[in-house]
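Just so you know, ligand 1 is whichever comes first in the structure, and atom 1 is the first atom listed for that ligand.
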Amino acid sequence: CFYDSVIRWGALSILLQFGLCVSGGSCPSRCVCRPETKEVICSGKHLNSFPEGFSSDVRCLDLSHNKIKTVGRRQFFSLSQLQELDLSDNIISMIEVEAFQGLQNLRLLRITNNRLKILPVGVFSGLSSLRFLDLRQNEILVFLDYTFKEMVNLQTLEAEENDLVFISQRAFFGLQNLQDLNIDRSNLTSVPTEALSQLQSLTHLRMLRLTISTLPTNAFRRLRCLRSLQISNWPALDTMASDSLIGLNLTSLVISGCNLSAIPYSAFRHLVYLRYLDLSYNPITVIQGNMFGDLLRLQELHLAGGSLLRIEPGAFRGLAYFRMLNVTSNQLSTLEESVFHSVGNLQVLRLDGNPLACDCRLIWVVRRRLRLNFDGHQPTCSSPDVVSQRKFRDFSEKEVPRLFTCRPARIMARRPQEARVEEGTTVRFSCKTDGDPLPSITWISSRKNVVSPTGRIRVLPNGTLEVRFAQVQDSGTYQCLAGNAAGNDSLTVGLYVKGLPRNRTILFFSEEGWTEPSNPQAANSSAQMAKPYPFDAKTLIIATTMGFLSFLSSVAICFVFMFFWSQSKGQIKHTATIDFVPRSSMGGGGDGGEGGRFTMKLI
Ligand SMILES: *[C@@H]1O[C@H](CO)[C@@H](O)[C@H](O)[C@H]1NC(C)=O
Ligand SMILES: *[C@@H]1O[C@H](CO)[C@@H](O)[C@H](O)[C@H]1NC(C)=O
Ligand SMILES: *[C@@H]1O[C@H](CO)[C@@H](O)[C@H](O)[C@H]1NC(C)=O
Ligand SMILES: *[C@@H]1O[C@H](CO)[C@@H](O)[C@H](O)[C@H]1NC(C)=O
Ligand SMILES: *[C@@H]1O[C@H](CO)[C@@H](O)[C@H](O)[C@H]1NC(C)=O
Ligand SMILES: *[C@@H]1O[C@H](CO)[C@@H](O)[C@H](O)[C@H]1NC(C)=O
Ligand SMILES: *[C@@H]1O[C@H](CO)[C@@H](O)[C@H](O)[C@H]1NC(C)=O
Ligand SMILES: *[C@@H]1O[C@H](CO)[C@@H](O)[C@H](O)[C@H]1NC(C)=O
């Protein structure tokens, strides 16, 4: 250590003398020196190589916007006081190993916008005080193992806009204090999970413009300090494993500009400290009810530019601190008060850019239109026609109760519906409704279940209940419930299915199993009967048994007939005697045999 400082002192004094004697100052030609701040500015001077004649106490050196091509070994060895070095916007394609050796006080290094392709291991050796390293806009292909090994104090690494195809597993080894890592527009094909797991202090991770399609399980393991994760513009990302973010304790999460078609609720569930969530620019169509309940501290949700059609009631239930909802530029026709835990806490609401139906459901927004912060973008009515294109701000107090109205749901043509049909028939019950907004229709089966839009018993898109191939057990009452924001209505219908005697049953064996054509439609193997109902086992057994019974009775009748026939023939011979000539080799042919005669008893 002593030896080292002696050498350095020697070099320094030589330089000092050189500077004083030759140039009469300590400022390289073509550069601007500011002795008071110890800055040397050589930016934009068309320099092809490093200038000579620096004062050794330079703190900041700006060599940006020149034509420097390479950085040699120990290029800055004498500038031990240097704290900031800017090499941006040159044409550097090569930095030799140990180029920055001796810069033990350097805190900031910019090599932005150069032509680096490779960073040999050892390039950054000696930079033990470096806090900030900017490698943006180069053509770096890989980060090799141990590239940043000695940079124990590095806090920020900017690696955006390189051609990274690979980050080696131990590339970030030694970066024990790195807090911010930014990667952008690279050609990585998977999350460099192993490499990232070395960064125990990482708090902010931004990964932009990647072509990764999946976030696998445990993608960010061991990043216990990570608080903010930004994943943006991954156009291929359409899958997130439900435990892809496991182990993280985030306060801010951005997954925007990706291809997620649904909110991956289960992946977020454990993020109980999350305050900021941005899922903008994903083709998400719905925010479901009661799915964010675990994100107790969530304050802001951004889902701008998505494909949102609806936000279900209770979507933000349990979120007592929720204060900002940004759903600008979606396909929402409304936003009901019931989606929020408490509308009183809501401060900022971006609802513009949606085809809003201005009826009673939005009256809560209009009433708060002067208090709510619309971020400079007033919501605009899209329907009904009388208010089309009007901004919320422009409605007078008087108009609001008259214009923002709803008509409660009502079921039309309420004549009692009852159907008595035979088994196998297809029955439909209509439930025609009226109301504004258009009521939702739900059918409840006789067993108190909600009827789904698929299956043998289903609800058609127009609200009609359809029971195909009615069976006896389908009998009972069905209830149609129609409802909208203004009111509910219901209608009960009855279905009575009469069983048929199972005569002349014809069975068809199709790919799906035994099917019975109860009506002509079912016999048609068109798409209409894509789901033939399976033949029930009881019937099969009965049919089989009946078949056997008739077979047995036929046999019995046959025997009886033969018996009577034989009786009518009178005397029957009970023994038969057969003569034969035994060969000499076959002596003692049969037991009852005596000589050449064999007697057999007939039964
Ligand atoms: C990275 O991707 C870009 C665009 O897809 C492509 O032009 C470039 O050649 C790729 N680079 C490498 C090293 O694969
Ligand atoms: C996004 O997902 C859809 C299907 O969900 C697919 O058709 C489309 O190609 C995907 N886009 C990209 C860029 O991968
Ligand atoms: C998670 O982060 C929050 C806020 O940053 C912090 O208060 C909490 O202690 C962290 N929890 C764990 C388990 O690290
Ligand atoms: C809402 O989202 C849009 C689009 O991403 C953005 O421009 C705007 O700043 C956001 N508003 C707020 C208040 O954050
Ligand atoms: C509903 O649709 C079915 C079949 O698509 C049709 O038979 C029925 O008449 C429709 N009902 C009403 C009320 O429009
Ligand atoms: C309609 O029914 C739903 C569910 O049963 C209920 O929550 C709602 O309050 C009812 N609406 C009106 C206006 O009665
Ligand atoms: C058999 O069933 C058909 C209906 O499928 C009925 O019309 C017919 O009368 C029945 N025949 C006998 C003998 O019961
Ligand atoms: C059978 O299916 C064809 C089309 O595949 C259709 O034209 C015909 O009407 C169907 N017949 C019956 C009885 O449903």
- prompt: Looking at ligand 4, does any of its N/O atoms fall within less than 3.5 Å of an N/O of N326?
  reply: yes

- request: Could you tell me whether some N/O pair between T328 and ligand 4 is separated by less than 3.5 angstrom?
  value: no

Output yes when [X] and [Y] qualify as a salt bridge under the 4.0 Å nitrogen-oxygen rule, no when they do not.
X: E336; Y: R310; value: no
X: R110; Y: E158; value: no
X: E399; Y: R390; value: yes
X: D184; Y: R209; value: yes

query: What atoms in ligand 4 come closer than 4.0 Å to a heavy atom of A304?
result: 2 (O), 4 (C), 5 (O)

- request: Pull out every atom of ligand 4 sitting under 4.0 Å from any heavy atom of Y281, numbered as shown with elements.
  value: 4 (C), 5 (O)

field: Under 3.5 Å side-chain donor-acceptor pair for S232 and S256
entry: yes

field: Donor + acceptor pair across side chains of T112, D134 (<3.5 Å)
entry: yes

statement: Within the 4.0 Å heavy-atom cut-off, what E300 brings close to ligand 4 is neither

- line: disulfide (SG to SG under 2.5 Å) filter on C431, not counting sequence neighbours, yields C480

Who's the nearest protein heavy-atom neighbour of [atom], and how far?
atom: atom 4 (C) of ligand 5; value: L460 CD1, 3.8 Å
atom: atom 14 (O) of ligand 4; value: H302 CE1, 3.1 Å
atom: atom 11 (N) of ligand 5; value: N462 ND2, 3.0 Å
atom: atom 13 (C) of ligand 4; value: D375 OD2, 3.2 Å
atom: atom 9 (O) of ligand 3; value: Y273 OH, 4.4 Å

- prompt: Any donor and acceptor pair, going by atom type alone, linking the side chain of N484 with main-chain N or O of R407 inside 3.5 Å?
  reply: yes

Atom indices of ligand 5, in the order listed, that fall short of 4.0 Å to a heavy atom of R428: 7 (O)

query: Hey, does S430 come in under 3.5 Å of ligand 5, counting only N/O atoms on both sides?
result: no

query: Is N249 in polar range of ligand 3, meaning some N or O pair under 3.5 Å apart?
result: yes

field: R227 N/O to ligand 3 N/O under 3.5 Å
entry: yes

query: Is the shortest distance from atom 7 (O) of ligand 4 to a protein heavy atom below 4.0 Å?
result: no

message: Can you confirm whether or not the ring centre of F404 sits under 6.0 Å from the ring centre of F395?
response: yes

Would you list the atom pairs, donor with acceptor, under 3.5 Å between side chains in residues 296-306 and any protein atom, with sequence neighbours excluded?
unit_1, atom_1, unit_2, atom_2, d
R297, NH1, V272, O, 2.9
E300, OE1, H302, NE2, 2.8
E300, OE2, R323, NH1, 3.2
H302, ND1, N326, ND2, 3.0

